[in-house]
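Throughout, protein chains are lettered first and strands after them, A, B, ... in sequence-line order, and every chain is numbered starting at 1. The figures that follow rest on heavy atoms only: side chains count, while hydrogens, waters and symmetry mates do not.
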Amino acid sequence: MKLSYVREGGLFFQVSETEMEVGDLPADLQTLVRKVYENSDDYRPREKNVNLRDGYQYRLEIREGRKKVNLTFGDTTLPDGFQPLIQYLQEKAINDH
Amino acid sequence: MRNHCPCSCHIIPPFVVDKLKEAGVEIPSQKTNNREFRERRDAKNALMRSEAFLVAPPVKKADRFVYDSKTTEHQRLLLVRKESGPASPDAVVNTVYENAGSVREYFKTFLNYLSVDNHGADLILNVHFGKNYANAFWDGDEMTFGDGDNQVFTNLANALDVTAHELTHGVVQYTANLTYKGQSGALNEHYADVFGSVIKQHAKKQKAATADWLIGDEIMGPALTGQALRSMKAPGTAYNNALMGKDPQPDHMDNLYKGSADNGGVHINSGIPNKVFFLVATAIETDKAALLWFETLKTLKPTTNFKSFKTALLKIAKKMANAGSVPATTETVAKQSFESVGL
Ligand SMILES: [Zn+2]
């Protein structure tokens with residue numbers, strides 16, 4: 001299972017991205033990602049905040065075989081419990097860079 | 001953040017939860033936050049559509065409310081300072097409170113405009129948002145500031161131009177409501193930078209000729225001293241470092257960014273109108289240019305592009321020069337400034 005992460009937006013032009021095997025994540029984050037993969041609709045924000053200015057947009061893609069799950073969040077629509085995952089992926093994106 | 005966890009756990013660290021409980025604060029889940037956000041917005045929209053609002057707008061007093069997010073991603077978590085209330089032991093809280101006051105005062109005194117909506121809406125400010133969150137944003141209702149990562153940015157609530165930038169996004173939302181994509185989005189960013197710089201110059205008692213025209217230079221991390229988020233005087237030269245890359249802003253239509261990133265380059269192409277503002281302000285003084293820009297904003301449509309912005313601004317310049325509120329040369333100066341960036 002592969003996970004792709006892109007963070008765009010912010011006060012200035014910046015794009016951070018990374019890709020990794022879900023199996024290489026710390027155990028608690030692996031559990032979260034597998035849960036999201038199985039029940040993606042539960043995590044999809046109900047609406048996009050069209051008035052968000054300078055906020056970050058986070059895009060996650062989880063794929064295994066032919067199945068692909070895509071989710072997009074803004075700073076005000078990030079689900080509870082996602083902060084550690086985003087922080088991990090953002091640090092990885094910086095290190096990859 | 002929405003809470004999907006079947007247990008009652010919170011992302012807020014337990015010691016913070018305990019402290020908040022001691023203080024009698026109920027911690028909402030992000031689901032509650034989102035619902036409250038939607039309810040507030042629906043009520044506000046219903047009020048704005050109501051006949052009573054149109055006939056006699058309710059006048060509030062643009063009161064400031066500062067909330068501490070306690071390094072969580074919750075907004076309006078803990079109220080730590082309100083209008084006329086005592087100062088906080090937290091210097092960041094007091095700085096953002098004072099800075100929001102300076103922005104409010106400038107819009108009121110020089111532009112005859114009260115708060116973000118000209119009806120005196122409360123000014124909501126959240127500080128200490130997220131962990132090492134190196135950003136600030138306007139979300140349609142309120143301003144939110146992170147503490148910075150201490151590499152790219154220090155605390156974003158400490159700079160007057162950043163607070164003015166975010167609050168101006170609110171003003172734009174309630175006036176032209178420029179669509180946040182492509183050239184109209186770049187104009188939205190441009191206006192936020194204009195009043196960020198104008199209000200900073202006013203507070204520092206600077207003139208157009210002596211100002212640095214930098215945005216965000218006071219929040220740069222320790223290794224990036226002397227750099228900034230943007231330069232209105234010389235777009236494309238604000239930063240060049242390993243952490244941020246190189247400033248991609250063009251200063252001429254020949255180099256207009258046409259890609260899809262950053263909502264079609266809203267933070268990139270704003271360099272072009274930013275340069276125009278710098279040139280006009282240098283010729284007629286910053287406060288006069290700010291007045292011209294603000295009067296123009298009130299006439300723009302959400303889909304305004306750079307070309308139609310030029311047309312609208314020249315029309316207002318002529319009108320204001322005839323009324324004596326800007327120098328007689330303004331229309332000519334503005335036309336030349338637009339031409340110099342390829343417009
Ligand atoms: Zn902005």
- [ ] Please determine, by modelled atom types, if Lys131(B) and Gln87(A) share a side-chain donor-acceptor pair under 3.5 angstrom.
- [x] no

Task: Of Asn126(B), Asp139(B), Asn135(B), the residue whose pairing with Thr144(B) passes side-chain hydrogen bond (donor to acceptor under 3.5 Å, both in side chains) - done: Asn126(B)

TODO: Counting only heavy atoms closer than 4.5 Å, note whether Gln14(A) contacts chain B via side chain, backbone, both or neither.
DONE: neither

Open item on the list: Between Arg59(A) and Glu61(A), does any NZ, NE, NH1 or NH2 come within less than 4.0 Å of an OD or OE carboxylate oxygen?
Closed with: no

Open item on the list: Consider ring-ring contact (aromatic ring centres under 6.0 Å, His included). Of Tyr67(B), Phe137(B), Phe145(B), which one does Phe129(B) pass it with?
Closed with: Phe137(B)

Open item on the list: Under the criterion ring-ring contact (aromatic ring centres under 6.0 Å, His included), I'd like the reasoning laid out for Phe82(A) against Tyr58(A): C-alpha separation, chi angles, the key distance, then a yes or no.
Closed with: CA-CA 11 Å; Phe82(A) 265 51; Tyr58(A) 307 93; 9.5 Å; no

Task: Proximal component of Gln249(B), with respect to chain A [non-hydrogen, under 4.5 Å] - done: neither

Open item on the list: Quick check on the interface: out of Tyr239(B), Tyr133(B), Phe153(B), who has the most heavy-atom pairs with chain A under 4.5 Å?
Closed with: Tyr133(B)

Task: Pair Glu17(A) + Arg7(A): basic N to acidic O under 4.0 Å - done: no

Open item on the list: At a heavy-atom distance under 4.5 Å, which candidate from Asp247(B), Asn263(B), Asp262(B) has the highest pair count against chain A?
Closed with: Asp262(B)

Open item on the list: Can you tell me which of Leu32(A), Leu11(A), Leu52(A) forms the most heavy-atom pairs within a distance under 4.5 Å of chain B?
Closed with: Leu11(A)

TODO: With a 4.5 angstrom heavy-atom cut-off, could you sort out which part of Ile215(B) is near chain A: side chain, backbone, both or neither?
DONE: neither

- [ ] Sort Asn188(B) into side chain, backbone, both or neither according to what part of it lies under 4.5 angstrom from a heavy atom of chain A.
- [x] side chain

Open item on the list: What part of Ala242(B) gets within 4.5 angstrom of chain A, counting heavy atoms only: side chain, backbone, both, or neither?
Closed with: backbone

